[in-house]
Amino acid sequence: MAILNANLIKLQSRASTKDEAIDEAVGLLVNEGKIDQRYGAAMRERETVANTFLGNGIAIPHGVPSARDLIHDTAISVVQVPAGVDWGNGDQARLIVAIAAKSDEHLEILANLTGVVGDEVLAEKLIATKDKQEILAALTGAEAQGAEAPITSTTPPAPLEGFPESFEAVITGAHGLHARPATNLVNLAKGYSSQIRVSFGDKVADAKSLISLLKLGAGHGAAIRVSAKGEDAQAALAALQQAIATGLGDEDEAPTAAEDTVSTGTSTKRTWEGPALEGVAASPGLAVAPVLQFGREKLVYSDTAENSEYERASLTKAIETAREQLEELYADVSKSSGVKHAEIFKAHQEFLEDSDLLSAVDALISSGKSAPAAWDAEINAQADQLAAMDDALLAARATDMRDVGRRVLKLLAERVEASSDLPTEPCIIVAEDLTPSETAELDPSLIRGLAMAAGGPTSHTSIIARSLDIPAVVGVGKSIFDLPEGKTILLDGTQGQVVTNPSEADLKAGQAAISAREDERDAQKRDRFKPALMRDGSRIEVVANIGEASEAAKAVDAGGEGVGLLRTEILFVNRESEPTEDEQAATYSQMARALNGLPIIIRTLDVGGDKEIPYLTMPQEDNPFLGERGIRFCLARPELFRSQLRAIYRASAHGCVRIMFPMVSQLSELLEAKKIAEEVRLEVGADPVEIGIMIEVPSAVAMASVFAQHVDFFSIGTNDLTQYTLAMDRLHPLLAKQADGLDPAVLRFIDQTVRAADAAGIWVGACGGIAGDPLGATLLTGLGLKELSMSIPTIPEIKALLRSQSLADNKRLAQKALEQSSAADVRALMGGTP
């Protein structure tokens, strides 16, 4: 069957909004039996995280990959809106081409479509035509019957004249070189100065142009040639070859950020009887409660002002007040949810100091704008640019910028009208989207759930919702606002659904599941002080990663048996000079006393790489992850190192303190650090303490048997060990998803480290991300680790998990995991465990 026919085209639509245009396009597809009605929600969800406007009045709405099961047959519908509808960012869409693709059958039409985008005259013709056949011909070719298959040439093109260096490759993504992998290729190519071309069949595309790449129409299995010429041609080709070989970050090749961070906790899909609005799972769990429609205040201010100096002074004062508010909010969230979840408010403070933003606002004030009008205009302009990026994480940062903007604008406004009251009774909040500030200020005891029309699962709002253990569904669409205030609904944050009219059976099942989960957590909390004693009598120490003094007591209260990692760099950030020895000694001593005899491992200053502290005059490095990091940084600054060591040894009089050196890669580094530590200990007059190192780089693994002769313990930093083992920057936009700590290469390094430690009679722990993951904890204990250090909220769950397991079973699983060929295989092996 053709994927585009006359019945799938609507001419002269009078849609006045983006949502209306999408609804009309969806209606055409539904009427032809091509999709389930619910696929429309998937298209609206896509709009919250990506910009589908191509140019020349053409937009291509399409659903998220997870909703492909709602597509019956691949098809495309076209809605012509001559008057245009606002597609965001000032773009007017007048030809809406809605794509519902089960596979890659639509690629030829998409290639033709990009040709239309590049031809302004043809685009205008299709926008004005009253003949559906003209649209059919332009998008499907002369036969006007559509294309049943993508271009799949498997013969690589010949070398390109004038481009002396090239390589051949095959597109491995299941859906070919569609928008997302093409965007990733473009972003990578733009990092090089060389000219780069991609050839497919008889077509040649500029690798730095998205439209040019899409016009290739390269489907799954397509053989391409990538050519380059210029000073960095070889480096560019090497990077592109690796990226293409690993799938170009295609959505179906790796889990999405939401899938990485939102654990379902169950493999059983629930089916609700009542009608449900489909959204995106942002924070797991179920909620049953009345709706509270949450609105925002109306901020009133003048558009122009006569006294520009007064406006500048007002803006300066508002920004300073906002900075103080954010500092207070950072402190509050740190206490309630931990430092990690509070860091967004430090980022918000950075927005307030952005020189480009402030310069643009100042220029608007000089032109006669009032301070609030200038501020609001520029904040929204820059946020729109972020939101337009076809990257969920970057687009989500637009919400953060608007949050900061509104905070300052509220301080500048002449008056605030119609402010919504915060809830006073248990409820499910319904909103367009909540900013991180609004989310953090909610009372978790009253908020049963969050249902947001917009937003994405990788936004800081969603992250904070998870940290507060509030179930949340985002990207539901504007129909969520049709729910009447006070109506009881069921929110499924695990599956991303809002059941708007739950049946009695739904309510009963939902309440039962909520009660069961609460009972499980209550049981874990009641038993949190029990040791992690496995069924066969083996004991694992479960301890906490912390960064602040207040977290030490929280770790104990959560059932932690000590602190396995104190990140001392937290004491050095967000200040203008380094902390004194006395300040450090007081902080470390407070923590040691709070632990009341339980051990605390204090890691010496670990900066470099992605951790920068400006006042320490850190070197400018081309590759900081391979530069002065961790112990190298400290050894290069002996006075700073000695000051910290003196503080640690002074604190050792108040508890069981251990010292750990980070990023040790050579024996000489360890011996020099130990020499300095011993000199400092004798100066202070302190008793000896246990000294260990972090195992984070391959050289440390290779030399583990030698290092083990000089230390009392190893602690494996799985995050960095994964990064350096796989040679994948965990912040890289294409490769980060593949940097999985359960990769067999990483597990084999851990196994090698443990065997070396066992031979020397020392113990091994782990303080990286997988230590607090159920699958990771299972494998790490099976590999022989004696201690697992993790975030505080995870402690009761992991202790309960380990008590349900036997070490012998975990060892068998770990040995099988070592034999696997990929992280995906390891996760598949562990599918039913725990």
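Basis for what follows: all heavy atoms, side chains included, without hydrogens, waters or symmetry-related copies. These figures come from a predicted structure and were not determined experimentally.
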#### Entry: Listed partners of Asp362 passing side chain to side chain donor-acceptor pair (under 3.5 Å), at least two apart
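Applying side chain to side chain donor-acceptor pair (under 3.5 Å) to Asp362 gives Arg312.
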### Task
Please name all residues satisfying side chain to side chain donor-acceptor pair (under 3.5 Å) with Gln92, sequence neighbours left out, ordered by chain then number.
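If we apply the side chain to side chain donor-acceptor pair (under 3.5 Å) test to Gln92, skipping adjacent residues, there are no hits.
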### Query
Is it the case that more than 12 heavy atoms not belonging to Lys487 sit under 6.0 Å from its NZ atom?
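Check passes, neighbour count above 12.
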#### Entry: Other residues, nucleotides, ligands: >12 heavy atoms within 6.0 Å of Glu425 CD
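No, CD of Glu425 has 12 or fewer neighbouring heavy atoms, counting only those of other groups under 6.0 Å.
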Would you name the heavy atoms of [X] and [Y] that are closest together and state the gap between them?
X	Y	value
Pro372	Leu409	O-CD1, 3.3 Å
Ser16	Val85	C-CG1, 3.7 Å
Ala451	Leu491	CB-CD1, 3.8 Å
Leu352	Leu358	O-CD1, 3.7 Å
Arg448	Ala287	O-CB, 3.1 Å
Ala207	Ala189	O-CB, 3.7 Å

Nearest 0.5 Å, please: how far is [atom2] in [Y] from [atom1] in [X]?
X	Y	atom1	atom2	result
Ser77	Lys10	OG	NZ	11.0 Å
Asn380	Arg406	CG	CZ	10.5 Å
Trp87	Ile96	CH2	CD1	5.0 Å
Tyr310	Ile365	OH	CD1	12.0 Å
Phe572	Leu640	CZ	CG	5.0 Å
Ser359	Leu364	OG	CG	11.0 Å

Is there side-chain contact between [X] and [Y], with at least one heavy-atom pair below 4.5 Å?
X	Y	value
Arg94	Ile58	no
Leu450	Pro471	no
Leu292	Ile428	no
Ile447	Cys427	yes
Leu571	Gln584	yes
Val26	Met43	yes

Donor-acceptor under 3.5 Å ([X] side chain, [Y] main chain):
X	Y	result
Glu45	Ala41	no
Ser302	Thr304	no
Arg637	Phe633	yes
Asp232	Ser193	yes
Trp375	Val361	no
Glu328	Gln325	no
Gln293	Ala431	no

### Message
Looking at Arg14 and Glu20, is there a salt bridge between them, counting it only when a charged N and a carboxylate O are closer than 4.0 Å?
### Response
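No, no charged N to carboxylate O under 4.0 Å.
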### Task
Verify the distance criterion only: is there a donor paired with an acceptor across the side chains of Asp19 and Thr17 at less than 3.5 Å?
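There is no such pair between these side chains.
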### Query
Does a donor on one side chain sit under 3.5 Å from an acceptor on the other, for Ser370 and Glu311?
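No pair is found: no donor N or O on one side chain lies under 3.5 Å from an acceptor on the other.
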### Task
Among residues two or more places apart or on two chains, list those pairs meeting salt bridge (Lys or Arg N to Asp or Glu O under 4.0 Å) that have a residue in residues 365-382.
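Listed once each, the pairs are Asp303-Lys369.
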Can you sort out the partners of [X] under side chain to side chain contact (heavy atoms under 4.5 Å, CB included), two or more places apart, ordered by chain and number?
X	result
Gln80	Leu11, Gln12, Pro82, Leu95, Thr129
Glu324	Glu320
Ala413	Leu299

### Val79/Val81 under side-chain contact (heavy atoms from CB on, under 4.5 Å): CA gap, chis, key distance, verdict
CA-CA 6 Å; Val79 176; Val81 189; 3.9 Å; yes
### Message
Checking Ile570 against Glu548 for the side-chain contact (heavy atoms from CB on, under 4.5 Å) test, could you report, in this order, the C-alpha distance in whole Å, the side-chain angles of both residues, the deciding distance, and whether it holds?
### Response
CA-CA 7 Å; Ile570 299 296; Glu548 292 189 344; 4.1 Å; yes
### Query
Stepwise, does the side-chain contact (heavy atoms from CB on, under 4.5 Å) test hold for Leu315 with Val408?
CA-CA 8 Å; Leu315 178 62; Val408 174; 4.2 Å; yes
